[in-house]
Amino acid sequence: LMIAVQPTGSCRMTVKELFSWYLAKIEVKPSTRARYVFVIEHHILPKLGSVFVAALTAIQLSDFLTQKQKHGRLHGGGLSAKSVRDIGVLIKAALRAAVAEYHFPCDALNAKLPKAKQALPAVQLKDRRLFAIISNQTKRRAYYCPGRVLRTGDLEERRGEEPCQR
């Protein structure tokens, strides 16, 4: 993955060359570097490796990330919103570093990244059955609070406390 690159002001660098340059430039823990290399080699380069960095658009990057969320897992299925966001953050970090170093415009930096956590709908806990379903779906201990409207994100683990106190 290490390719010697000397970009010019017009930035005739491909995404593959960008990440080779970026990995040589950054100082991160070995475990972080290993994770970056895995994500770059398995997720980013197969689709974007030959694209010129200066030509990468926000729409292309958004479409790429959307595709990853739908069909990005290596063995079928989609990646989680957090994984897709992490890929987008890595791409944009490398792009920002290259833009700062080589002074070229890059539309892809305008791409909005997906939220890492999806908003959860408000629910009215009317009976214990609904409480049990929410508890199982969130994989967290939750409390039944009669008459209170809670978001599933509000269900929190507390030990030894009365859960419905305000």
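- Lys47 NZ: 12 or fewer foreign heavy atoms inside a 6.0 Å radius.
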Handout entry: Derivation and outcome, side chain to side chain contact (heavy atoms under 4.5 Å, CB included), residues Phe104 and Met13
Key = CA-CA 11 Å; Phe104 64 92; Met13 179 190 319; 5.7 Å; no
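- Two residues are said to be in side-chain contact when any heavy atoms from C-beta on lie closer than 4.5 Å; Val51 and Thr14 fail this criterion.
- Under the 3.5 Å distance criterion, the side-chain polar atoms of Arg73 are left unmatched by any main-chain donor or acceptor of Ser80.
- Considering every non-hydrogen atom in both Phe19 and Ala94, the closest pair reads CE2-CB, 3.6 Å.
- The closest donor-acceptor contact from the side chain of Asn110 to the backbone of Ala58 lies at 3.5 Å or more, if one exists at all.
- Using a 4.5 Å cut-off on side-chain heavy atoms (C-beta onward), Thr66 and Val84 make no contact.
- Residues Glu41 and Pro46 come closest through the heavy atom pair O-CD, 3.4 Å.
- Rounding to the nearest 0.5 Å gives a distance of 11.5 Å between CZ of Phe38 and CD1 of Ile44.
- Not a single donor-acceptor pair under 3.5 Å links the side chain of His43 to the backbone N or O of Val39.
- Judged purely by atom type and a 3.5 angstrom limit, Arg12 has no side-chain atom pairing as donor or acceptor with the backbone of Phe52.
- Contact check for Val53 versus Val99: no side-chain heavy atoms found under the 4.5 Å cut-off.
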Practice task
Apply the test side chain to side chain contact (heavy atoms under 4.5 Å, CB included) to residues Arg33 and Ile26: give CA-CA distance (whole Å), side-chain angles for both, the deciding distance (0.1 Å), then the verdict.
Solution key: CA-CA 9 Å; Arg33 182 173 303 280; Ile26 61 170; 4.2 Å; yes
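- Between Ser50 and Lys16, every side-chain heavy-atom pair lies at or beyond the 4.5 Å cut-off.
- When every heavy atom of Ala81 is checked against every heavy atom of Lys115, the shortest pair comes out as CB-O, 3.4 Å.
- Distance NZ/Lys112 to NZ/Lys92: 9.5 Å, rounded to 0.5 Å.
- Annotation for Leu95 and Cys106: closest pair CD2-SG, 3.8 Å, computed over non-hydrogen atoms.
- Taking a 6.0 Å sphere around CD1 of Ile59, one finds it holds 12 or fewer heavy atoms contributed by other residues, nucleotides or ligands.
- Checking side-chain atoms of Lys70 against main-chain N and O of Gly78 turns up no donor-acceptor pair under 3.5 Å.
- At distances below 3.5 Å, not a single donor-acceptor pair connects side-chain atoms of Lys68 with backbone N or O atoms of Ile87.
- Listed here is the closest heavy atom pair of Tyr22 and Ala93: OH-CB, 3.5 Å.
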Handout entry: Ile91 and Leu61: CA distance, side-chain angles, deciding distance, side chain to side chain contact (heavy atoms under 4.5 Å, CB included) verdict
Key = CA-CA 9 Å; Ile91 292 170; Leu61 182 53; 3.8 Å; yes
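- You'll find the side chain of Arg35 stays beyond 4.5 Å of the side chain of Asp86, heavy atoms only.
- Glu101 contributes no side-chain N or O that, together with a main-chain N or O of Ala98, makes up a donor-acceptor pair within less than 3.5 Å.
- Val15 approaches Leu48 most closely through the heavy-atom pair CB-O, 3.1 Å.
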